[in-house]
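Structure record follows, encoded as structure tokens.
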Amino acid sequence: MDNSGVGDSGGVGDSGRVGDSGRVGDDFGRDWPGTEVEAIAVQERLRGRVRAATPAGFRPRTATGLDVHYTDVLVAAVCTVDLETLELVDSATCQGPESFPYVPGLFAFRELPLLLRALDKLTTPPEVLVCDGQGLAHPRRFGLACHAGVLTGIPALGVGKNALGDFEQPGPRRGDWSALTDGGEVVGRALRTQDNVKPVFVSVGHLVDLDTATDLVLTLAPRYRLPETTRQADHLARS
DNA sequence: GCGACAG
DNA sequence: ATCTTGTCGC
């Protein structure tokens with residue numbers, strides 16, 4: 001088939017050209033508001049495009065981690081690792097000035113513009129995006145991972161170090177998990193990736209279900225709390 | 001109303 | 001996110 005990147009369904013090429021090149025970074029569907037009110041409106045408009053099911057035959061060979069480091073400017077880094085060996089196979093960075101203030105719930109507007117430009121620089125098309133933050137585990141069900149997935153058309157999931165919703169402590173062993181809820185709705189999982197270590201918070205971004213996302217995160221974190229994708233991207237962003 | 005709040 | 005020493009453990 002063809003999961004070559006941009007412009008999945010929905011179809012309203014409301015800003016910029018329609019994707020035809022297979023590049024990750026097409027302008028399709030992108031707009032970067034300048035105010036919080038506009039940003040929330042963008043989230044409300046795009047949230048309906050999220051697909052929380054894993055496409056049949058989804059067998060990624062690589063996973064791509066996204067992270068942003070804050071200094072004078074923002075440094076976005078993306079790192080693709082082989083899911084078999086967890087070795088780095090591709091990476092890119094991009095830096096630029098702060099373009100949106102930090103507002104919990106409006107994260108994507110701060111980090112995504114640079115992250116998308118970094119994704120454009122990759123040699124190999126990403127198969128699944130592992131975002132540093134939440135996906136559906138978000139007050140409007142449209143966190144960074146959903147936004148990244150919808151704008152690129154690439155399967156995406158969120159792995160947060162902290163949660164926005166409510167959860168009970170999962171069991172103490174690697175692989176144990178408990179439901180992460182918000183307003184009584186299950187929006188993700190508190191997942192223990194290492195024995196007796198604080199859990200991470202996994203949620204669906206786009207084109208993956210919660211079980212698949214959980215499996216991927218466990219695969220990516222055989223030894224450390226955070227997935228290798230995140231660790232590699234974090235390392236690259238601060239170098 | 002007030003506080004808390006992904007990175 | 002970032003400001004920051006030492007310390008315990010594999």
Side-chain angles (χ1 to χ4, degrees), chain A residues 32 36-37 39-40 42-43 46-47 50 64-79 93-119 129-151 156-167 172 174 177-183 185-191 193-206 210 213-214 217 221-227 229-239:
Chain A
W32 305 117
E36 294 186 26
V37 170
I40 290 172
V42 170
Q43 292 180 329
L46 293 180
R47 59 187 284 185
V50 170
T64 301
L66 286 59
D67 190 39
V68 174
H69 191 246
Y70 296 69
T71 52
D72 300 341
V73 295
L74 306 195
V75 181
V78 294
C79 288
T93 63
C94 181
Q95 54 180 280
E98 178 177 301
S99 59
F100 199 89
Y102 170 64
V103 181
L106 299 179
F107 225 47
F109 301 98
R110 186 172 173 76
E111 300 202 339
L112 206 42
L114 282 173
L115 287 169
L116 293 174
R117 286 171 52 194
L119 287 172
L129 307 178
V130 181
C131 302
D132 194 4
Q134 318 298 327
L136 291 178
H138 175 279
R140 285 170 295 280
R141 307 291 180 269
F142 198 72
L144 174 66
C146 297
H147 210 144
V150 165
L151 291 198
L157 60 98
V159 182
K161 294 182 281 292
N162 294 289
L164 288 174
D166 312 307
F167 67 99
R174 167 180 158 84
W177 59 266
S178 58
L180 174 62
T181 64
D182 181 44
E185 190 178 340
V186 174
V187 294
R189 287 175 184 169
L191 173 67
T193 54
Q194 298 297 317
D195 293 355
N196 303 105
V197 166
K198 176 180 174 174
V200 297
F201 304 91
V202 180
S203 59
V204 167
H206 188 48
L210 196 45
T214 301
V217 171
R223 170 141 169 61
Y224 299 104
R225 177 187 177 227
L226 297 177
T229 39
T230 302
R231 301 184 72 249
Q232 299 267 3
D234 183 75
H235 194 83
L236 179 60
R238 65 175 69 229
S239 59

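Order of the sequence lines fixes the chain letters, A, B, ..., with proteins taken first and strands second; residue numbering starts at 1 for each chain. What's counted below: heavy atoms across the whole structure, side chains too, no hydrogens, waters or symmetry copies.
Look at CZ on A:Arg238: it is 13 Å from P on B:dG7, rounded to the nearest Å. With rounding to whole Å, A:Arg110 atom CZ is found 13 Å from B:dA6 atom P. Atom C1' of nucleotide C:dA1 and atom CG of A:Asp132 are separated by 10 Å, given to the nearest angstrom. Rounded to whole angstrom, the span from the CG atom of A:Leu115 across to the C1' atom of B:dA6 amounts to 14 Å. Rounded to a whole Å, the NZ atom of A:Lys161 is 5 Å from the P atom of B:dG7. The interatomic distance linking A:Asp195 (CG) with C:dG9 (P) rounds to 17 Å, in whole Å. In this entry the distance linking CG of A:Leu144 with C1' of B:dG7 reads 9 Å, nearest Å. If you take CD of A:Gln134 and P of B:dA4, they are 19 Å apart, rounded to a whole angstrom.
Note on A:Gly158: nothing from the nucleic acid sits closer than 4.0 angstrom, heavy atoms only. Residue A:Arg223 is out of contact with every strand shown, counting any heavy-atom pair closer than 4.0 Å. Looking at heavy-atom distances under 4.0 Å, A:Gly160 makes contact with sugar-phosphate atoms alone, never a base.
Between A:Asn162 and B:dC5, a side-chain N or O to OP1/OP2 separation shorter than 4.0 Å is absent. Listed pair A:Tyr102 / B:dA6 meets the phosphate criterion, a side-chain N or O lying under 4.0 Å from OP1 or OP2.
Between A:Phe107 and A:His147, the gap from one ring centroid to the other reaches at least 6.0 Å.
Side chain of A:Glu36 to backbone of A:Pro101: no donor-acceptor contact under 3.5 angstrom is found. No donor-acceptor pair under 3.5 Å is formed between the side chain of A:Arg174 and the backbone N or O of A:Asp195.
Using a 4.0 Å cut-off between charged nitrogen and carboxylate oxygen, A:Arg231 and A:Asp67 do not count as a salt-bridge pair.
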